[in-house]
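Quick note: numbers below take in every heavy atom, side chains included, and nothing from hydrogens, waters or symmetry partners.
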Amino acid sequence: MATRLSDTMVMAVPHKAVEQIILGLYDPINAHPVKRIAFEFPEELRQHFRREPRSRLRKIQRVRFKPNNRTGSAKFYFDLLFDDRFGSVEIQNMRLIMEDITDEYQGARPVKDPAEIGEWLRDFPTRLADRLDNGEDVLDLIPD
């Protein structure tokens with residue numbers, strides 16, 4: 001079971017700011033884990049791909065809505081992190097993300113296909129959204 005964050009570990013901001021924070025961190029939260037699970041990279045890069053989403057997720061799990069320090073609903077987080085960008089087109093969009101990674105890192109070749117990663121992509125934001133809704137720590141969700 002995940003650990004619940006204490007009120008001393010969170011920061012309350014206006015609703016629009018919470019949305020903007022999440023939307024601004026969306027790409028690295030999704031792309032870096034894909035680099036870890038869909039590609040083989042040297043260990044140094046793999047560690048970098050683990051640190052980056054950790055720092056982003058740490059920011060997201062700490063923001064709350066003003067004035068009462070409440071979290072968003074699981075649907076709020078799921079819609080922003082997954083459904084708005086991937087819902088019903090996850091394999092097509094994952095294919096494009098994986099092509100971008102292949103172009104960015106010379107010699108990078110996927111070890112999983114977009115459909116396999118699409119399965120992970122449906123599960124990850126669901127678990128993430130549930131934990132964020134409950135005010136729980138989410139850092140252990142990042143794949144090794």
Go through it in stages, so that I can follow the logic: the residues are F39 and M98, the test is side chain to side chain contact (heavy atoms under 4.5 Å, CB included), and I'd like the CA-CA distance, side-chain angles, deciding distance and then a yes or no. CA-CA 9 Å; F39 292 84; M98 291 173 72; 4.1 Å; yes
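- Considering only heavy atoms from C-beta on, V10 stays 4.5 Å or farther from V63 through its side chain.
- Using a distance-only test at 3.5 Å, with no hydrogens or angles considered, a donor-acceptor pair links the side chain of E116 to the main chain of D113.
- I101 has its side chain within reach of Y105: a pair of non-hydrogen atoms, C-beta onward, lies under 4.5 Å apart.
- Cluster membership for F65 and F78, using ILVMFWY side-chain heavy atoms within less than 4.5 angstrom, is shared.
- Between V18 and F76, the closest side-chain pair of non-hydrogen atoms falls below 4.5 Å.
- The backbone N or O of F49 sits nowhere less than 3.5 Å from a side-chain atom of R36 that would complete a donor-acceptor pair.
- A side-chain donor-acceptor contact under 3.5 Å links Y77 to the backbone of G72.
- Exactly one residue among T126, T71, D140, L57 makes a side chain to side chain contact (heavy atoms under 4.5 Å, CB included) with R131. That residue is D140.
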Starting from the C-alpha separation in whole Å, work towards a yes-or-no answer on side chain to side chain contact (heavy atoms under 4.5 Å, CB included) for I91 and I117. CA-CA 8 Å; I91 295 172; I117 305 305; over 6 Å; no
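- Between Q61 and L139, the closest side-chain pair of non-hydrogen atoms falls below 4.5 Å.
- Not one N or O on the side chain of E136 forms a donor-acceptor pair closer than 3.5 Å with the backbone of T3.
- Connection of L23 to L25 is established within a shared hydrophobic cluster, with ILVMFWY side chains joined at heavy-atom distances below 4.5 Å, either directly or through further cluster members.
- Following chains of ILVMFWY side-chain contacts shorter than 4.5 Å, one can reach I142 starting from L45, so the two form part of one hydrophobic cluster.
- Every pair passing salt bridge (Lys or Arg N to Asp or Glu O under 4.0 Å) that includes a residue from residues 51-72 is listed here, sequence neighbours excluded: E52-R56.
- Taking both residues in full, the closest heavy atoms of A129 and A74 are given as CB-O, 3.3 Å, listed atom of the first, atom of the second, then distance.
- For E40, the CD atom counts as loosely surrounded, since its 6.0 Å shell holds 12 or fewer non-hydrogen atoms of other residues, nucleotides or ligands.
- Annotation: the span from D137 atom CG to M9 atom CE amounts to 7.0 Å, rounded to 0.5 Å.
- Transitive grouping of hydrophobic side chains (ILVMFWY, heavy atoms separated by less than 4.5 Å) brings M11 and L80 into a common cluster.
- Here the rule is side chain to side chain donor-acceptor pair (under 3.5 Å) with Q47, and of E44, R50, E43 only E43 fits it.
- I21 and L5 fall into different hydrophobic clusters, where Ile, Leu, Val, Met, Phe, Trp and Tyr are joined by side-chain heavy atoms under 4.5 Å apart, directly or via other members.
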